[in-house]
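In what follows, a single structure is set out as structure tokens and then discussed.
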Amino acid sequence: MARRRSSRLLLAAAALLAVVAAAEAAVPPTCERIECPAYEVMDSANGFEIRRYTDAVWVSAAPIEDISFVAATRTGFLQLFKYIQGKNAYNETIEMTAPVLTEVSPSDGPFCASSFAVSFYVPAKNQADPPPAEGLRVRRWAGARYAAVRRFGGFVADADVGEQAARLDASLQGTRWAAAVNEGRGAGQAASYVVAQYNSPFEFSGRVNEIWMLFDGAKVGSHAN
């Protein structure tokens, strides 16, 4: 009887872990309300997910030099918000999408300015001809683009981004993805990464954020043992 009860408990625990893993891998809830870039999950494990994106178009603000991720992202987002509100060459209002990306190129020291480039995902109906705008540029992901991803919650603070990037990097070590990811983000202490934020600043619960490390999936095989 005790053995049977133990087996049931083990099965229940396994089922619970499967539900938790599925929830962690689910599409962010924001993407059920507004448009997000489509992706395919190629792999997932404890601490990371590997995604394959295709043919995404982004509009990006010029890189901002600052010591604060939060301040730089706010500055870049305000430029992009004006863009989608109609401050563009077509005077066209554009639907809000998610996520807003901030590409982080860290400085070599704690008191030096890093570089932050904030980007907005262009809705599918605008991707063929995204409205140009002064001070902004269009970036196209032609073909497949891979991302190693770690998800975390809450409002993003300056102290969070480096810590979450380090955790993602640590979870990838020893996997078949590690070498390609490291090559894709640049070598050394100041290797770049991307912070993806899915929620409006006015949403206080259920917030979803991610760290992305972009890389060339074609290089995975060449680095494999």
Side-chain angles (χ1 to χ4, degrees), residues 13-14 16-28 36-54 56 58 63 67-70 72-73 99-119 141 143-198 207-225:
L16 178 60
L17 288 173
V19 169
V20 171
E24 290 178 347
V27 171
C36 298
Y39 62 83
E40 177 184 3
V41 177
M42 308 300 295
D43 192 10
S44 61
N46 184 30
F48 73 86
E49 183 174 86
I50 303 297
R51 298 176 184 169
R52 180 179 182 270
Y53 289 87
T54 57
W58 306 81
I67 61 172
S68 170
F69 164 87
V70 173
T73 299
V100 172
L101 302 185
T102 304
E103 184 175 353
V104 183
S105 298
S107 66
D108 293 326
F111 303 110
C112 301
S114 298
S115 177
F116 303 94
V118 186
S119 299
W141 288 1
R145 182 69 63 94
Y146 287 73
V149 178
R150 175 183 174 83
R151 187 172 294 179
F152 62 103
F155 283 92
V156 183
D158 288 339
D160 293 333
V161 292
E163 177 185 349
Q164 294 294 336
R167 290 184 180 184
L168 174 56
D169 185 66
S171 70
L172 291 165
Q173 297 312 305
T175 72
R176 68 191 183 98
W177 307 100
V181 172
N182 289 339
E183 183 176 330
R185 61 193 292 251
Q189 181 179 357
S192 65
Y193 53 88
V194 175
V195 181
Q197 299 185 74
Y198 285 86
R207 298 188 65 82
V208 175
N209 316 292
E210 294 170 341
I211 296 290
W212 293 5
M213 294 178 180
L214 300 172
F215 66 100
D216 183 354
K219 294 184 178 180
V220 173
S222 64
H223 290 297
N225 294 326

I need the R207 CZ to Q197 CD distance, nearest 0.5 Å. 7.0 Å
Parallel under 30°, tilted from 30 to 60°, perpendicular over 60°: which one fits the rings of W212 and Y53? tilted
Y39 side, atom OH; R52 side, atom CZ - distance, nearest 0.5 Å: 14.5 Å
For residues L101 and A196, report the shortest heavy-atom separation together with the two atoms involved. CD2-CB, 3.5 Å
For E210 against R51, the heavy-atom pair lying closest together: OE2-NH2, 2.6 Å
Correct closest heavy-atom pair for S105 and S114 would be O-CB, 3.5 Å
Identify, with sequence neighbours excluded, every residue that meets side chain to side chain donor-acceptor pair (under 3.5 Å) alongside D43. W177
Using the rule side chain to side chain contact (heavy atoms under 4.5 Å, CB included), only one of V194, V118, V156, V70 pairs with T102; which is it? V118
So CD1 of I67 and CG of D158: to nearest 0.5 Å the spacing works out to 8.0 Å
Do the rings of F215 and Y146 sit parallel, tilted or perpendicular, given the 30° and 60° boundaries? tilted
Heavy-atom nearest pair, P99 first then W58, reads O-CZ3, 3.7 Å
With a 4.5 Å limit on heavy-atom distance, are the side chains of D169 and V181 in contact? no
Does a side-chain heavy-atom distance below 4.5 Å link Y193 with M213? yes
What distance separates D216 CG from R145 CZ, expressed to the nearest 0.5 Å? 8.5 Å
Rounded to the nearest 0.5 Å, how far does CG of N209 lie from CD of Q164? 8.5 Å
Would you name the heavy atoms of S171 and G47 that are closest together and state the gap between them? OG-O, 3.4 Å
For R167, which residues count as a salt bridge (charged side-chain N to carboxylate O under 4.0 Å, His left out) partner, sequence neighbours excluded? E163
Please give me the minimum heavy-atom distance between A144 and T54, naming the atom from each residue. CA-CG2, 4.2 Å
About how many Å separate CD of Q173 and CG of L168, when rounded to the nearest 0.5 Å? 9.5 Å
D160: partners by salt bridge (charged side-chain N to carboxylate O under 4.0 Å, His left out), with sequence neighbours left out: none
Determine whether V195 and F116 satisfy the following criterion, side chain to side chain contact (heavy atoms under 4.5 Å, CB included), listing intermediate values before the conclusion. CA-CA 10 Å; V195 181; F116 303 94; over 6 Å; no
